Amino acid sequence: MSSITPQEIKAEFLKSKIGIAGIAILSILVFTSIIVVVVIPVETFKEWNNPENWISYPKVAIPVWINLFLNEKIPEHKILNTPNINYDVSGDTSITSHQFGVNFEYNDFPNDFIYEFSAKYSGTPLLQMDVIRPDGIQLKLLSTSLPYSDSNSIHSERIFSTDNSIRKNLYLQSDKFLFSVNNLSTEDIIFSKTENHEPLKGNYIFLIKMYGSNSEDQIPESRLIIGGKAFGIMGTDELRRDLATGLLWGTPLALFIGLVVAIASVIMGLLYGVYAGYRGKKTDETMMRFNDVIYALPALPFLIILSVTISNSIFVMIGFLMIFGWVGVAKVARSMALQIKTRGYVEAANMMGQKDSKIVLRHILPQLLPYAFASIAISVPAAITTEAGLSFLGLGDPSFPTWGQILHDANVYGAAARGLWWWIMPPGVMIAITGLAFVFIGNALDAIVNPKLKR
Amino acid sequence: MTLKRYVATRLITMFGVLMITLLITIALVGSNMDSILKQGVVFQVRSEITENAAIAKSFSSVDEFELFIQTQIEQRIKTLGLDEPWYSPQRIGLTMYKILFLDFGHATFLTSDSGSSDVKEIILEKLPRTILLFTTATIIISVIGIFLGALAGSKAGSILDRITSSFAIISSSFPVWWIGMLMIFVFSFVYHIFPARATPLIPSSDPGYIGSLLYHMTLPLITIVIIGFGSWAYLVRNFIVGIMQEDFIVAKKTMGINQKKIIYTHALKNAAPPIVTILALSLSGSLGGAIITEAVFDWPGMGRLYFEAITVMDLPIIIGATYILTVFFLISIFVADLLYGYFDPRVRTG
């Protein structure tokens, strides 16, 4: 092994195309991670397993961009949070009206619609819900009084499209339609053309009015959800979770797991191997026997037993992965140290009476640095795939949305059998891309450390 | 160091590792194992006594009867040696001695296809299937890998070399089980070519069983081969590239010996020691990796058995399977070591 200066490594590395490609992918991933950590609040991923948090999202919705490639547009799931608010007082009654505009340009009916609100009132205000369709027809959906309250209290409610009074009201207006609306669900009627049962495209306005007897009555929270079959950039899963959030959070997690395991195990292996090689004799013999023992342990079965019996916390798992990671590095580091030890300057330093620790740290370790960087880069993908594999088996930390965890859920809910490709493809591709970035970097470094491979 | 002594030290190390593995496994699952065994004893004693109506009649009160059962249970636990904690030397010694000679006891939940709950029988039933799938895959992978690698290595820098190298790098970053999921998705559900579950539906006594098993094996086999052969080819390629630069090969070239002959007789021969060693290692390494792959494809082998045992915490099977996996792993490491020592005498002198 000839010694290479850091400048030479840098110059050589910049010449290698795949090395640059690796660095480029890695920087994109790191950039994404930083953005994710800064922009997406930590609460989102803590709420990953809380169904309450995902209630207004659709079940197994396809990504929205799929509509760009389809002639028959799949209805998007829309969550409308910002209505146009008008407020009017005439005499004793106050009228609060909320308007939601829905641009409906799809070739299929929505799944359902839900109006969520919480109203602040006293007395028994009247809540009215109408829809104005693109063809000008106004359909009355609902007219109901809110529960009586003496004092100024807050009342929260969800009105579903399956509500019986909405259905009844629509049947009463069935003369506007030229076909029979019996047995059709409410959303199928509201969004239908009048002449035949096909979706009517255009702008719909949902009008919600509250007639109260008190001038302070208002609706502080108001939200209309038009249930569709497509949502978000990455779609959603069976538990209504937004896969984009999970995939994005997976990036910093994967990088964290991979880098911590790789760096820690390479450092451990390096120190262990170099010390054994430098001391030689009995120390070397004992240390290498111990190394053999760890090397001969079957890693995956042990990782599985450890995660089942001790803990499946992600941090404990990182520790377990390190136990099996340092062994190979230690072997190579030892044989390199054996060679370097015989060099003149090491022997000279030894004769001058320098301390062992100093010789190891000052003269031997720096020589191994290029090799160390190459092995860090090469061990990162292994750590990431192992963690993903364990998570896939259901032995990972369920509180973190790692890519393996997402794939585990996909497998549990039979995503492959149901054709939910957007649930299976992206996590695996992300694992592969991350792995690839490090393999590229590792290969470029390897070619510099072992020039024989290049030619 | 002579070859004999080399073999002897290796053997002793391997045996030591085997013992340590066993000890760690028992230590990890021991306390759970203990309570399960005790529950088993309580259940057994109770059912034995209640089945015999004559015993129950001879007692005047319920309390007396309960007391009798309790003392019976305690006696039984004492005779079985369960009154001592699981970490007492006698019990660990006994457990390890039993396991060493493949006496794993009875499984708590899982059974073999023929209905036996003897762990040894269950493992003996599953093991051949795992060996069938993974050994076949490894052999196919190594054959393709060696030829492709030799070809790519002899023409370093050519298009073929570049394609092989980049395929190797890219394929190695995909997890096998994920590719497995995609393969199932494409070949079982989009095009109905192969079955999604690799477990044959007909019983193993049926004469068509072997054929059905082989048909069910195709999809996992293809997946493992696709993911595996790239890195093999890359490995062989790197050895060949290194050897092709050696003086004796260059000399042969200048003598005008034909390129093919140089690669397949001289270069491959020199690359043989590491290749054979890696082959030995990967044969057993594939067994360990089988756990996830078999879980995805639902292949009825050791890996799936292990996974099922973990999910229901069937401890005798976990211990038995870990032991068998370790033994295989150690044997192949041992063989690889021996081969390496045999081919490359420098190793022996340490």
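These numbers were taken from a predicted model, which means no experiment stands behind them. Letters go in sequence order (proteins before strands), and every chain restarts at 1.
For B/F15, the CZ atom counts as loosely surrounded, since its 6.0 Å shell holds 12 or fewer non-hydrogen atoms of other residues, nucleotides or ligands. The neighbour count for A/F290 CZ, taken as heavy atoms of other residues, nucleotides or ligands under 6.0 Å away, does not exceed 12. For A/Y278, the OH atom sits in a packed shell: over 12 heavy atoms of surrounding residues, nucleotides or ligands are nearer than 6.0 Å. Other residues, nucleotides and ligands place no more than 12 heavy atoms under 6.0 Å from the CD1 atom of B/I159. Around OH of A/Y413, the count of heavy atoms belonging to other residues, nucleotides or ligands within 6.0 Å does not exceed 12.
Contacts between A/I433 and chain B at a heavy-atom distance below 4.5 Å are absent for every atom of the residue. Interface residue A/N443: only side-chain heavy atoms are found under 4.5 Å from chain B. Both the backbone and the side chain of A/M425 come within contact range of chain B, judged by heavy atoms closer than 4.5 Å.
Most heavy-atom pairs under 4.5 Å with chain A: of the set B/T311, B/I169, B/I179, this distinction falls to B/I169. Between chain B and the options A/V439, A/L407, A/L395, A/V308, heavy-atom pairs under 4.5 Å are most frequent for A/L407. Ranked by heavy-atom pairs shorter than 4.5 Å toward chain A, the options B/I184, B/I318, B/I170 are led by B/I170. By number of non-hydrogen pairs under 4.5 angstrom with chain B, the leading residue of A/A299, A/G389, A/S335, A/P381 is A/G389. Each of A/V429, A/I310, A/I384 has some count of heavy-atom pairs under 4.5 Å with chain B, and the biggest count is that of A/V429.
Here the closest heavy-atom approach between residue A/L393 and residue B/F307 is recorded as O-CE1, 3.2 Å. The shortest non-hydrogen separation linking A/A410 to B/M181 is CB-CE, 4.4 Å. Scanning all heavy atoms of the two residues, the minimum distance from B/F174 to A/A432 falls at CE2-CB, 3.2 Å. Minimum interatomic distance between B/F185 and A/G419 (heavy atoms only, all atoms of both residues): CE1-CA, 3.2 Å. Across all their heavy atoms, B/S173 and A/G435 have their closest contact at CB-C, 4.0 Å.
A heavy-atom distance below 4.5 Å is found between the side chains of A/F302 and B/T21. Residues A/I305 and B/Y306 are in side-chain contact: their nearest non-hydrogen atoms beyond the backbone lie under 4.5 Å apart.
Going from atom CG of A/L306 over to atom CD1 of B/I24 covers 8.5 Å, rounded to the nearest 0.5 Å. The CZ atom of A/R289 sits 10.0 Å away from atom CD1 of B/I12, with the distance rounded to the nearest 0.5 Å. Here the straight-line distance linking atom CD1 of B/I291 with atom CG of A/L300 works out to 4.5 Å at 0.5 Å rounding. To the nearest 0.5 Å, atom OG of residue B/S172 and atom CG of residue A/L436 are 7.5 Å apart.
Side-chain N or O atoms of B/W178 include one that pairs as donor or acceptor with a backbone N or O of A/I424 at under 3.5 Å.
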